[in-house]
Colleague: 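Sharing a structure, written as structure tokens. Questions coming.
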Amino acid sequence: MTYCCIDRFWNVAFHGLLFFCLNSVFALTFNGGDLSLKPNFVFLLTDDQDTRLGQSTSYTDLGSLESMPAVKTLLMEKGVRGLNTMVNTPICCPSRTETFSGRYFHNIGPPHEQGGCMFANTTNAVGPDGLFASLKRNGYNVGVFGKVTNDQSNVLDLAIKLETMTYIDSPVDYNNYMGVTYQRLFPNGTNFVETLNGKAPIFNTPYQTTQIGNRTLRWLTDALTKDTPFFAYIGPHAPHFPATPAPWYETLWKNGSAPMTPNYNFSDPGKPQHIRQNPPLTQDVKCWEDQHFRDRWSSLKSVDEIVEVVHDLLEASGKLNNTYFIYTSDHGYKLGQWRVGTSKQHPYETDIHVPFIIKGPNIPHNQTFSQLSGNVDILPTVLDLAGIDVPSIVDGKSIKQFLFNPHHEDSTWRKNILIEYKSVGTYYNDHSTIWAPETKICATSGPPRGLNPSITKCNEETGVGNGTCFFIDSTLSNNWRLLRIVDPLENLNLAYVEYDPKWQWEGDLQWYELYDLNKDPYQMQNVYSQTSPSLLKQLHDTISSYYKCSGKDCP
């Protein structure tokens, strides 16, 4: 079968032509009704996508989703969105392993396991109890396109060895938006690494998001002809730094700028040491944050188009009504809040909140649900929707009841959720490369490390605002666990954080934070020292119990 117009669908001028061709093809191919009894799934996981930093000086409910018309029209308006969906670790490798295993960090990392990818044991992501394996074992055609975890080559090789995926067509060098190597796996077991022709790449461009979208369409075109339910995993690297836009969208958001929310460049003595010592952000920092903001939104345009063309393909095939479309991210992002530059890794709303949108069979339109959920809940939810038993080792819970009935009240559902992070290293505001046009846009050649752009050695000072370097992460003072509490009946909206560089959580700990988000949504006033000892003990006991949970014992 020829793939009509696929190699041109990213050219806006030919987009209508693509849809016409797809309709013509599928009018011939899909004339026999339903091809499966179980629902299909399209699961799209972006990288570093926030839901707080939009085109406003206040936090918004959508953040970067504001830049995505297809997601808003085709998914949000026709589906359900979570208002309190969070990740259980706000950094790539642990978060992704949690998503694909349904297990908390303390069960796939320290203290129970010592993993090599940001302390996470990523074998859990592709092992026999993971999402891919559970679906494939129960008859699903599992296609994987894009970034799975940061140790991409190792985890894909393991998936091939364990036979937990049906088909793989994913970038090996996912960090390179113009990378040329792709891991391939076919249902008969044939596998190899494909290298694009640099002068004449398939689909007319090496741009990674375009490649991922087209490779997904190529596989879906075949998968839709089979009497087998499918699970399509799509993992674009956008909008992760350097957030390189497609060449044809480089200036799409040329007038955009990073929002200066009330906590932007805010010096906070209540924060842990590496944050409270940060000096005021300079105009050079702001200049690069603005460029990064523009790049992030421009890079998301190509992701938005994947949503549109995959949706169009499913609609043309007649399979849309039997397909769940799930859209989420591995963590959020911040751009200068509390004087911390381009990063995640912290226990704050910018970092832990992520998009979660689902449409499909029995899902109402244009609704939201407010119950606390985490990315550990994705695996059990997908398996529940597919009618598959959830492995007993899984920590998360199915949220299907809230997807089918967003206004449903369940008094037994969790009112708090555990979020954990162990520092992956000490680094600074210059840790990330940021795509920029060839013309000079900022005074410095890249994001400055500190007040003096040429500084090389940084000391983590003990005062407030007296540092010379802009710290992003710290092995000394950024090892934490968070108890996030949302209880509308008790009018509780709290964030309680404990810090321990030893990761032992015994005795007096290094630092504590407590925020009442009903009064302080920007987390600018740490009220730990003003809180009664009895409440602090209750919070500590609750988080300590949660930290020990495993499987069905987890809240």
Side-chain angles (χ1 to χ4, degrees), residues 84 86-91 93-125 127 129-130 272 331 345-347 352 371-381 390-399 412-424 478-487 492 494-514 528 531 533-555:
N84 286 307
M86 306 177 189
V87 290
N88 298 100
T89 299
I91 199 167
C93 223
S95 175
R96 288 166 175 270
T97 305
E98 291 162 353
T99 294
F100 299 130
S101 70
R103 305 181 69 196
Y104 286 104
F105 179 72
H106 62 263
N107 290 326
I108 51 101
H112 296 298
E113 295 194 29
Q114 297 297 326
C117 191
M118 303 177 184
F119 301 106
N121 181 355
T122 56
T123 62
N124 291 282
D129 292 316
H331 44 71
Q345 299 113 320
H346 291 103
I352 63 176
Q371 285 80 5
L372 266 177
S373 62
N375 58 320
V376 295
D377 297 325
I378 290 175
L379 179 150
T381 301
V390 177
S392 60
I393 198 172
V394 168
D395 302 328
K397 309 294 183 187
S398 171
I399 58 172
T412 65
W413 188 255
R414 68 169 79 97
K415 301 298 188 297
N416 49 66
I417 195 166
L418 176 67
I419 302 172
E420 309 159 271
Y421 177 74
K422 184 173 174 62
S423 174
V424 301
N478 197 35
N479 303 276
W480 52 264
R481 60 186 188 182
L482 160 68
L483 188 70
R484 188 66 177 86
I485 303 167
V486 177
D487 187 347
L492 291 177
L494 304 176
Y496 170 74
V497 196
E498 298 180 343
Y499 289 81
D500 182 11
K502 299 178 181 178
W503 208 253
Q504 294 176 351
W505 314 109
E506 297 174 351
D508 290 334
L509 303 180
Q510 181 188 51
W511 195 255
Y512 300 88
E513 291 177 276
L514 179 62
Y528 179 86
T531 303
S534 60
L535 176 56
L536 295 179
K537 182 179 186 303
Q538 180 183 350
L539 292 169
H540 173 73
D541 290 346
T542 301
I543 199 171
S544 296
S545 176
Y546 212 142
Y547 180 72
K548 298 174 183 177
C549 82
S550 179
K552 298 188 183 302
D553 293 334
C554 290

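Predicted model, so just to flag it, every value in this text is computed and none were measured.
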Colleague: For the CD1 atom of Ile108 and the CZ atom of Phe100, what is their distance to the nearest 0.5 Å?
Modeller: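 Spacing of CD1 (Ile108) from CZ (Phe100) equals 12.0 Å.
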Colleague: I need the Asn84 CG to Ile417 CD1 distance, nearest 0.5 Å.
Modeller: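 Going from the CG atom of Asn84 to the CD1 atom of Ile417 covers 9.5 Å.
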Colleague: Does Asp500 use its side chain to pair, donor to acceptor, with the backbone of Leu509 at less than 3.5 Å?
Modeller: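 No, because the side chain of Asp500 does not come within donor-acceptor range (under 3.5 Å) of the backbone of Leu509.
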Colleague: Which atom pair, heavy atoms only, marks the closest approach of Thr122 to Cys93?
Modeller: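 Result for this residue pair: CG2-SG, 3.5 Å.
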Colleague: Looking only at non-hydrogen atoms, find the nearest pair between Pro380 and Val376 and report the distance.
Modeller: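 Minimum heavy-atom contact is CD-O, 3.3 Å.
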Colleague: Rounded to the nearest 0.5 Å, how far apart are CG of Leu535 and CG of Leu514?
Modeller: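 If I round to the nearest 0.5 Å, the distance is 6.5 Å.
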Colleague: Within the structure provided, determine whether Pro555 and Tyr546 are in side-chain contact (heavy-atom separation under 4.5 Å).
Modeller: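 When only atoms from C-beta onward are counted, Tyr546 and Pro555 do touch, with a gap below 4.5 Å.
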Colleague: I'd like to know if the side chain of Asn375 reaches the main chain of Asn88, judged simply by a donor and an acceptor atom lying under 3.5 Å from each other, with no hydrogens or angles considered.
Modeller: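 Checked: pair present.
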Colleague: Please check: side-chain N/O of Asn107 versus main-chain N/O of Cys549, any donor-acceptor pairing under 3.5 Å?
Modeller: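 It does hold such a pair.
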Colleague: Would you say Asp377's side chain and Lys397's backbone share a donor-acceptor pair under 3.5 angstrom?
Modeller: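 Indeed, once roles are kept as given, a pair shorter than 3.5 Å links the two residues.
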Colleague: Where is the tightest heavy-atom contact between Thr99 and Leu379, given as atom of each residue plus distance?
Modeller: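 Scanning both residues completely, I find the closest heavy atoms to be O-CB, 3.9 Å.
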Colleague: Can you confirm whether Ile419 sits close enough to Pro347 that some side-chain heavy atom of one is under 4.5 Å from a side-chain heavy atom of the other?
Modeller: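 Heavy-atom side-chain distance check fails, nothing below 4.5 Å.
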Colleague: With no hydrogens and no angle check, is any side-chain donor or acceptor of Thr89 less than 3.5 Å from a backbone partner on Glu420?
Modeller: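 Such a contact is found between Thr89 side chain and Glu420 backbone.
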Colleague: Within the structure provided, determine whether Pro111 and Trp503 are in side-chain contact (heavy-atom separation under 4.5 Å).
Modeller: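 Pro111 reaches Trp503 side chain to side chain.
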Colleague: Using every non-hydrogen atom in the two residues, find where Tyr499 and Pro272 come nearest and quote the distance to one decimal.
Modeller: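 Nearest pair, atom of Tyr499 first, then Pro272: OH-CG, 3.4 Å.
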Colleague: Output yes when a side-chain donor or acceptor of Asn478 lies under 3.5 Å from a complementary backbone atom of Gln345, and no otherwise.
Modeller: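 A pair under 3.5 Å: yes.
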Colleague: Can you measure from CG (Leu482) to CG (Asn416) and round to the nearest 0.5 angstrom?
Modeller: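 So the CG of Leu482 and the CG of Asn416 are separated by 10.0 Å.
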Colleague: Can you tell me how far apart CH2 (Trp505) and CD1 (Ile543) are? Round to the nearest 0.5 Å.
Modeller: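 Nearest 0.5 Å value for the CH2-CD1 distance: 7.5 Å.
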Colleague: Any heavy-atom pair between the side chains of Tyr421 and His346 that's under 4.5 Å?
Modeller: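 Of all side-chain heavy-atom pairs linking Tyr421 with His346, none is under 4.5 Å.
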Colleague: Please name all residues satisfying side chain to side chain donor-acceptor pair (under 3.5 Å) with Ser392, sequence neighbours left out, ordered by chain then number.
Modeller: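 Testing Ser392 for side chain to side chain donor-acceptor pair (under 3.5 Å), a comparison that skips the adjacent residues, returns none.
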Colleague: Would you confirm whether Arg484, through its side chain, and Leu494, through its main-chain N or O, come within 3.5 Å as a donor-acceptor pair?
Modeller: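 The answer is yes, because a donor-acceptor pair under 3.5 Å joins these two groups.
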Colleague: Search all heavy atoms of Asn124 against all heavy atoms of Ser101 and return the closest pair with its distance.
Modeller: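 That would be O-CB, 3.6 Å.
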Colleague: Measure the shortest side-chain to side-chain distance between Asp129 and Arg103 over non-hydrogen atoms and say whether it is less than 4.5 angstrom.
Modeller: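 Answer no - side chains too far apart.
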Colleague: Which distance, rounded to the nearest 0.5 Å, do you find between the CZ of Arg96 and the SG of Cys117?
Modeller: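 The CZ atom of Arg96 sits 10.0 Å away from the SG atom of Cys117.
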Colleague: If you look only at pairs with a residue in residues 534-552, which of them pass as a salt bridge (charged side-chain N to carboxylate O under 4.0 Å, His left out), with sequence neighbours excluded?
Modeller: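 Applying salt bridge (charged side-chain N to carboxylate O under 4.0 Å, His left out) to every pair that reaches into residues 534-552, excluding sequence neighbours, yields Lys537-Asp541.
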Colleague: Would you say Phe105 and Arg481 make side-chain contact, with heavy atoms under 4.5 Å?
Modeller: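 Phe105 vs Arg481: side chains apart.
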Colleague: Given the rule in the side chain to side chain contact (heavy atoms under 4.5 Å, CB included) test, do Leu418 and His106 qualify, once you have shown the distances and angles that lead to the verdict?
Modeller: CA-CA 10 Å; Leu418 176 67; His106 62 263; 3.7 Å; yes
Colleague: Is there side-chain contact between Trp480 and Trp511, with heavy atoms separated by less than 4.5 Å?
Modeller: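 Trp480 does not reach Trp511 side chain to side chain.
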Colleague: Would you say the side chain of His540 lies within less than 4.5 Å of the side chain of Tyr496, judging by non-hydrogen atoms?
Modeller: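 Counting from C-beta outward, Tyr496 and His540 do come under 4.5 Å.
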Colleague: Would the distance check show the side chain of Asp395 and the main-chain N or O of Tyr104 forming a donor-acceptor pair, the cut-off being under 3.5 Å?
Modeller: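 Present.
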